[in-house]
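To start, the structure under review is shown below, and the notes come after it.
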There are 2 protein chains.
Amino acid sequence: MTKPSQELLRSISDEHVLRSLMTARKLTRAELAIQTGLSKPTVSESVRRLVEQGLVADTGERTPGGRGKGRVGSFYGLAEDSGVALVVTIAPDGVTAECVDAYGDVISRTHRTITGPAEVAAVLPSVAAETVAAHNVRLCTVSAADPVDRRTGRLVQLPDSPFLVGDLDPVAVLGPLLHGPVVVDNDVNWAAQAEHEALGVADFAYLFLGEGLGCAVVSDGEVRRGHSGLAGEISHLITAGPTGATPFIEVFGELGLRQDGTTAIDVARLRDADPAVLARAIGGVVTALVTLADPEVVVIGGSWGPSLLDAITAECARSPRPVPIRAASVANPSLTGARAAALDLLRTDLVSRAGPRTPRSG
Amino acid sequence: MTKPSQELLRSISDEHVLRSLMTARKLTRAELAIQTGLSKPTVSESVRRLVEQGLVADTGERTPGGRGKGRVGSFYGLAEDSGVALVVTIAPDGVTAECVDAYGDVISRTHRTITGPAEVAAVLPSVAAETVAAHNVRLCTVSAADPVDRRTGRLVQLPDSPFLVGDLDPVAVLGPLLHGPVVVDNDVNWAAQAEHEALGVADFAYLFLGEGLGCAVVSDGEVRRGHSGLAGEISHLITAGPTGATPFIEVFGELGLRQDGTTAIDVARLRDADPAVLARAIGGVVTALVTLADPEVVVIGGSWGPSLLDAITAECARSPRPVPIRAASVANPSLTGARAAALDLLRTDLVSRAGPRTPRSG
DNA sequence: CAGTTGTAGGCAAGGCCTCTAACTAGAATT
DNA sequence: AATTCTAGTTAGAGGCCTTGCCTACAACTG
């Protein structure tokens, strides 16, 4: 456990100051004292330390901008070069890279359209290198439209599942470009995290129905990834198919709804299928989610999932354990979720850098 | 967030001292200083405070028991009346109540056999009252062989599921007898927690096959209960039955393996059933667990589950995503799990009581 | 324009908490 | 009786946070 040292108190003070600056962007010492609940001398000392460490800087702005009477105060903010996080999403149609700073601002965005998985290997490092060259990148989160091995960060191909992005080791590609960690996860898990923040519900399930099939379970406020990160890869889940108990993905095979050559869902042809049959299969998946994870609500996302909302709702209403169904509400959910995670990690990283002592006399 | 006060440091010191005493049972101040890593004066002060608050007491024992030279030291331990936790399990065959102290010792055990659910309402309060009268009971954990509503602690009956213990509100029954919280959960969840501690695996699933059917999912080192605590109630999970896609519980209905009158499994008649058919249905459940929770291992427990281990293992080996299957290893798992949780809560409760200041001069 | 008001920030003192170092207490060994 | 060794206390130093007071300085008031 933690040792009861005075340094612990100091680091708590510093964290208060830093976190206040992250949300308020700029504050005078007096404002910081009010925001943090600390006394003015304590805040002053903390600011002095943080400035010395290069994490906080005087913005140059001064108070009397119509604020009224009183002595002029100096606004402090996070240092310019206090670091940013890189957010990358890799999907069959393109690669996006964003840069977020500790305020949560997106300070750059690059998108490259690709025509096939083969291009990822070339596009990914070039997109990342651009951003890394321009900013002090501390860490990176990556969203990929394929199952991700939690322990290695590599994309993995599961039997009979579409492999949309293809074989890729983002940690190996991006790791050398920056100094901090590279966190890779599946697009559905990131999407669920984004939905979690929008919904404010601690226990729910996110069912993603697009070219690939997937889901994510949020339990006790966190996305649960399982032992190797493959939780939610529902292709082989046994459900009710047209001819009996069938793995979920094979329902689409039996209905002739998979793309030739690949194992992805043919979304274009889906509209001709009987919604009731699809809903029955999806209902089996929802039942599995309800029995195993007991979500408060099941959120349906993906390119074609929400269009079946009524059919799914009707199917689930007949279940012995009905659960509310709703459509996903966040736009660009994977990017949003990965960005939120990156912001969180970046802020924690920034706080953790406020460590070593700086004696007052200098 | 926490405020950086000196009191925080003090409470950390006190926590160190208390937790050391919990595991070592009795220590001198010098030994405490070594164990906790704190300095001797700090430990002395902390012990003085804790004695004054009645949480720690001089055991009366003195060091020179052949330890060699040196001044005699005094052994300190937790105070006699520092409180115990009550652990109750409620199953169709009986009610057990145990008392654990903060060392983890079981200091009393009562068991009452019952012949039917109707007796629970009478037996439960009487068993609990005995224990409560004899000890300073701070809190209580309850294991019940039925689904438990996480928010209220009440037992709930799900459609088509056996209701083994019957309608009961343990919080209402036991709450008035003691001053602390009453934590109620399902026997399978407690069993999974016990198995978790024995296995040391952070992500696994526990499948319970007895008169009732259930499972529990441990993710990131914790049992995940879901929104209302009904995660793992797998009766309605769609799986492969003799005639196609069937809810798990109805597989047993179709096979004529449910007890007449109730909806429980008739365990006696199970041995006549075809293991392959059962294993196929169970395999569907395991597949659901694997796809949704991605466990490192699936543990099979319950009265008849382990006897089918080979058949289940064979069935799962054919799956596109095989997972290791093993039999549960903990005896009395629900009681063990509930006891471990009670111990944890009791220790945290004890630590949290070490709060208010005690000035030195007295 | 002089005086008043009100805010930003600094300084000093006080209270605590932990640590190190030195010291006292007391038993076993030599 | 002197030595040795361990338990626990005392003394002092260093650090951190707080309160209270002071200075600097801009705007308002009459």
Side-chain angles (χ1 to χ4, degrees), chain A residues 1-17 26-51 56 58-59 61-76 354-361, chain B residues 1-17 26-51 56 58-59 61-76 354-361:
Chain A
M1 216 187 81
T2 337
K3 284 284 290 289
S5 70
Q6 314 244 93
E7 182 178 333
L8 176 64
L9 297 187
R10 211 181 44 214
S11 72
I12 292 175
S13 296
D14 289 352
E15 172 155 6
H16 271 110
V17 168
K26 59 185 172 57
L27 293 168
T28 66
R29 297 178 205 196
E31 289 168 337
L32 272 168
I34 294 167
Q35 273 266 326
T36 59
L38 305 176
S39 68
K40 288 194 290 174
T42 301
V43 165
S44 266
E45 260 305 291
S46 175
V47 167
R48 193 193 55 72
R49 278 193 300 266
L50 294 170
V51 167
V56 163
D58 189 331
T59 60
E61 285 186 80
R62 297 293 178 264
T63 41
R67 177 192 287 222
K69 321 183 172 184
R71 173 177 169 177
V72 288
S74 310
F75 282 108
Y76 288 86
R357 283 245 327 110
T358 326
R360 184 168 196 162
S361 66
Chain B
M1 217 187 80
T2 336
K3 283 285 288 292
S5 69
Q6 318 253 84
E7 182 178 333
L8 176 63
L9 296 188
R10 212 180 43 214
S11 73
I12 292 175
S13 296
D14 289 352
E15 174 156 4
H16 271 109
V17 168
K26 60 184 171 56
L27 293 168
T28 66
R29 296 177 205 190
E31 289 167 337
L32 273 168
I34 295 167
Q35 273 266 324
T36 58
L38 305 177
S39 69
K40 289 195 289 175
T42 301
V43 165
S44 266
E45 259 307 289
S46 175
V47 167
R48 194 194 55 72
R49 280 193 299 265
L50 294 170
V51 167
V56 163
D58 189 331
T59 60
E61 285 185 82
R62 296 294 176 264
T63 41
R67 177 194 287 221
K69 320 183 175 186
R71 173 177 169 177
V72 289
S74 309
F75 282 108
Y76 287 85
R357 284 243 327 107
T358 325
R360 185 172 195 158
S361 65

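Each chain gets a letter, A, B and so on, in the order its sequence line appears, and its residues count up from 1.
- The CG atom of A/Leu32 sits 8.0 Å away from the OG atom of A/Ser46 when rounded to the nearest 0.5 Å.
- Computed from coordinates, the A/Arg71 CZ to D/dC21 P distance equals 19 Å when rounded to whole Å.
- What you find for A/Thr36 and A/His16 is that their closest heavy atoms are CG2-O, 3.7 Å.
- No engagement by A/Ser5 is indicated, since no non-hydrogen atom pair under 4.0 Å with the nucleic acid exists.
- Atom CZ of A/Arg49 and atom C1' of D/dG15 are 10 Å apart (whole Å).
- For the pair A/Leu9/B/Leu9, a side-chain contact is recorded, criterion being any heavy-atom separation below 4.5 Å from C-beta on.
- Contact between the side-chain N/O atoms of B/Ser13 and the OP1/OP2 oxygens of C/dT18 is found at a separation under 4.0 Å.
- Of the two residues contacting DNA chain D, namely A/Gln6 and A/Thr42, the nearest-nucleotide position lying further toward the 5' end is that of A/Gln6.
- Residue A/Ser39 places its side chain closer to D/dT19 than to any other of D/dC16, D/dG8, D/dT19.
- For D/dG8, neither phosphate oxygen OP1 nor OP2 lies less than 4.0 angstrom from any side-chain nitrogen or oxygen of B/Ser44.
- Comparing C/dA25, C/dC19, D/dT18 by their closest approach to the side chain of B/Lys3 singles out D/dT18.
- Across the protein-nucleic acid pair, A/Arg29 atom CZ and C/dG9 atom C1' stand 7 Å apart, rounded to whole Å.
- If you measure from atom CG of A/Leu9 to atom P of C/dT18, you get 10 Å, rounded to the nearest angstrom.
- B/Gly73 comes within 4.0 angstrom of the backbone, heavy atoms only, and of no base.
- Taking CD of A/Glu61 as the reference point, atom OG1 of A/Thr28 lies at 11.5 Å (rounded to 0.5 Å).
- Rounded to an integer number of Å, the gap from CG of B/Leu32 to P of D/dT6 is 18 Å.
- Distance B/Arg10 CZ to D/dC17 P: 16 Å, rounded to the nearest Å.
- Counting all heavy atoms, side chain and backbone alike, A/Gln6 lies closest to B/Gln6 at OE1-OE1, 3.9 Å.
- Between B/Ile12 atom CD1 and C/dC17 atom P the separation is 13 Å, expressed in whole Å.
- Mapping B/Lys40 and A/Val72 onto DNA chain C by nearest heavy atom places A/Val72 at the nucleotide closer to the 5' end.
- Across all strands, B/Thr28 comes closer than 4.0 Å only to sugar-phosphate atoms, never to a base (heavy-atom distances).
- For A/Pro41, the side-chain atoms get nearest to D/dT18 when compared with the rest of D/dT18, D/dG8, C/dC17.
- In this structure, of D/dC28, C/dT7, C/dC17, it is D/dC28 that holds the atom nearest to the side chain of A/Lys69.
- Whole-Å rounding puts the A/Glu7 CD to D/dG14 P distance at 18 Å.
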